[in-house]
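To start, the structure under review is shown below, and the notes come after it.
The structure presented is a predicted model; accordingly, all values stated were derived computationally and were not measured. Just so you know, ligand 1 is whichever comes first in the structure, and atom 1 is the first atom listed for that ligand.
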Amino acid sequence: MSIIGHLINGETQTEHSRLQDVFNPSTGKVATQVALAPKATVEQAISAAQAAFPAWRNTPVAKRAQIMFRYKSLLEENAERICELVGQQHGKIVHDAMGELTRGIENVEYACYAPELLKGEHSKNVGAGIDSWSEFQSLGVVAGITPFNFPVMVPMWMFPMAIMCGNTFVLKPSERDPSATLLIAELLHEAGLPNGVFNVVNGDKEAVDTLLSDSRVAAVSFVGSTPIAEYIYATATANGKRCQALGGAKNHAIIMPDADLDNAVNSLLGAAFGSSGERCMALSVAVTVGDDTADKLIAGLSDAMQSLKVGAYSNKENDFGPLITAEQRDKVAMYISSAEADGAKVVVDGRNPQVAGYPEGFYVGGTLIDHVTSNMKAYQEEIFGPVLCVVRVDSMEQGMQLINQHQFGNGTCLYTRDGEAARYFSDNIQVGMVGINVPLPVPVSSHSFGGWKRSLFGDLHAYGPDAVRFYTKRKTITQRWPSSSVREGVNFSFPS
Ligand code: NAD
């Protein structure tokens with residue numbers, strides 16, 4: 001069995017302190033193994049990035065952009081290979097993987113604007129004969145740590161802009177589905193990136209802790225679950241690093257009595273069950289205003305859910321695939337059982353679905369639970385599975401209060417035909433990304449992505465304009481070239 005290794009200084013390596021099984025979740029079988037990097041291997045990657053930094057920092061930004069243009073074409077040419085690897089190790093259906101890759105490529109396209117984004121700010125004659133400008137300088141070696149659920153897109157939130165800003169990069173992707181991430185790293189080298197500028201180390205806590213403690217790493221971007229995000233942010237900042245750490249979510253949609261219910265049903269299906277609900281922007285709570293709205297929505301959803309197709313990643317007819325591991329499947333089933341034990345009503349039960357030909361795959365079918373209340377564990381915590389909870393309320397205000405009191409604040413959506421209500425909602429809801437009749441309001445690459453509350457630790461959001469700020473430090477230069485005929489007097493007061 002081949003071992004998935006690391007990509008350091010442009011070369012594949014397989015040093016490991018331990019090996020970990022990588023599954024094909026559709027079959028439930030071990031597909032391959034990944035090398036978990038020991039501290040010394042991570043340090044080697046940091047050294048490679050540090051050695052590559054001076055030349056890369058001084059490479060004109062337009063030249064860096066030419067590599068990114070070639071990279072975009074290579075990603076498009078290799079789209080099928082990339083998506084096949086995502087499907088094999090993550091389990092998402094090939095059409096869903098293609099959506100992920102497309103959103104990743106958007107970030108590569110935005111990074112190609114770096115010559116424009118890094119122009120800086122200039123003010124002439126701020127004082128007599130004095131000019132001043134701000135420029136945005138590279139940080140040095142920066143690190144990214146990414147989750148399993150978007151092995152292609154989430155790394156692309158980070159490294160394209162980071163390296164376009166003149167930094168060198170060490171990426172620690174998820175050890176659960178590492179192959180697609182390694183392939184996109186290889187393609188970046190094929191596009192002409194010099195060795196050492198972008199390095200990938202596979203590993204677990206040992207690798208992550210090395211990145212967090214090594215003084216040569218200037219900044220850390222993290223995306224993953226909230227407990228780990230909190231740990232990464234606390235440790236990285238205590239070690240003097242700049243850090244942004246994006247965490248988990250519980251995304252609510254409020255369905256108003258005036259909403260277009262047919263459209264709401266269709267879009268909720270995709271947003272709740274697409275990718276088996278393993279998206280940080282998945283809608284996992286439908287908040288219905290009034291019992292009549294709840295009853296109609298539940299009737300529409302449970303009808304439509306009869307024809308949901310769960311199955312292997314390779315069949316494009318399937319709507320969604322398995323969960324990432326057997327443990328995650330069991331955890332999702334536990335949350336469904338806990339809601340039931342707490343008094344909620346399981347309207348459509350996805351536990352133990354029969355998937356012909358794949359008896360050992362990690363499947364849970366679409367699940368709809370009514371009469372969920374805010375004191376239930378299944379409501380309070382992120383389930384990360386194909387489970388939609390319905391919470392009944394009497395007014396939009398009551399629904400908003402629920403959302404605002406929740407520990408997470410990643411995404412939310414309001415279904416309505418009322419512009420005034422929509423405006424009030426988007427203005428006052430305590431959530432970072434808001435949709436109005438848009439169930440997954442994932443910002444396009446020219447805006448930035450990030451939640452509020454315990455969905456993000458740090459100040460700057462991911463990708464978009466915030467990424468330029470995160471991956472650079474501002475330097476402001478004030479310059480005067482006095483004429484040789486002018487003799488300056490002594491001045492002890494503060495310059496004004
Ligand atoms: P995870 O937190 O288990 O792992 C994320 C990364 O952290 C991985 O690279 C992993 O190796 C590393 N890691 C895990 N445990 C660690 C530890 N104890 N110490 C140091 N590093 C550790 O997350 P996951 O299960 O891979 O991904 C799913 C989670 O990510 C969900 O909670 C989801 O909401 C979240 N997510 C959030 C966003 C967002 O933008 N907010 C996007 C995607 C996923």
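Between Asp204 and Arg18 a salt bridge is recorded (basic side-chain N to carboxylate O distance below 4.0 Å). Salt bridge absent: Arg81 and Glu84 never bring a charged side-chain N and a carboxylate O closer than 4.0 Å. A salt bridge links Arg351 with Glu340: the distance from a Lys NZ or Arg NE/NH1/NH2 to an Asp or Glu carboxylate oxygen falls below 4.0 Å.
What sits closest to atom 8 (C) of ligand 1 on the protein, heavy atoms only, is Thr146 O, 3.3 Å. From the protein, the heavy atom lying nearest to atom 19 (N) of ligand 1 is Lys205 CG, 3.5 Å. Phe384 CE2, 3.5 Å is the protein heavy atom nearest to atom 28 (C) of ligand 1. Given atom 23 (O) of ligand 1, the protein heavy atom at minimum distance is Ser225 N, 3.5 Å. In terms of protein heavy-atom proximity, atom 40 (O) of ligand 1 is closest to Phe449 CE2, 3.0 Å. Looking from atom 43 (C) of ligand 1 to the surrounding protein, the closest heavy atom is Asn149 OD1, 3.3 Å. Of the protein's heavy atoms, Glu382 OE1, 2.6 Å lies nearest to atom 32 (O) of ligand 1. In terms of protein heavy-atom proximity, atom 20 (C) of ligand 1 is closest to Val208 CG1, 3.5 Å.
Proximity of a side-chain donor or acceptor of Asn167 to a complementary backbone N or O of Ala162 within less than 3.5 Å is detected.
With atom 38 (C) of ligand 1 as the reference point, the heavy atom nearest to it among Gly450, Gly432, Cys280 is part of Cys280. With atom 37 (C) of ligand 1 as the reference point, the heavy atom nearest to it among Pro147, Pro173, Gly248, Gly247 is part of Gly247. Counting only non-hydrogen atoms, the option in Leu211, Ile228, Asp204 that gets closest to atom 14 (C) of ligand 1 is Ile228.
Here the OH atom belonging to Tyr363 is positioned 11.0 Å from the CZ atom belonging to Phe320, to the nearest 0.5 angstrom. Once rounded to the nearest 0.5 Å, the distance linking CG of Asp342 with NE2 of His371 reads 14.5 Å. Taking CG from Leu246 and OG from Ser225, the interatomic distance works out to 12.0 Å, rounded to the nearest 0.5 Å. Atoms SG and CG, on Cys280 and Leu456 in that order, are 10.5 Å from each other to the nearest 0.5 Å.
Counting heavy-atom neighbours within 6.0 Å of Tyr358 OH, excluding the residue itself, gives a total of 12 or less.
Looking only at atom types and distance, the side chain of Tyr231 has a donor-acceptor partner in the side chain of Lys205 under 3.5 Å away.
Residue Glu175 approaches ligand 1 through these ligand atoms, each under 4.0 Å from one of its heavy atoms: 10 (C), 11 (O). Close approach of ligand 1 to Ile145 (heavy-atom distance below 4.0 Å) involves ligand atoms 6 (C), 7 (O), 9 (O). Atoms of ligand 1 found under 4.0 Å from any heavy atom of Trp157, numbered from 1 in the order shown, are 40 (O).
Here's the thing with Val154: none of its N/O atoms is less than 3.5 angstrom from an N/O atom of ligand 1. Residue contacts with ligand 1: Tyr231 is placed with no nitrogen or oxygen under 3.5 Å of a nitrogen or oxygen of the ligand (distance criterion only). Note: an N/O pair closer than 3.5 Å links Lys172 and ligand 1 by distance alone. At a 3.5 angstrom cut-off on N or O pairs, Gly224 counts as close to ligand 1.
For an aromatic pair to be called close, the ring centres must be under 6.0 Å apart, and His447 with Tyr463 fails this.
Sorted by first then second residue, the salt bridge (Lys or Arg N to Asp or Glu O under 4.0 Å) pairs that include residues 442-464, not counting sequence neighbours, are Glu230-Arg454.
Within the structure, ligand 1 has Arg176 among the residues with a heavy atom less than 4.0 angstrom away.
The protein reaches atom 25 (O) of ligand 1 closely, with a heavy atom under 4.0 angstrom from it.
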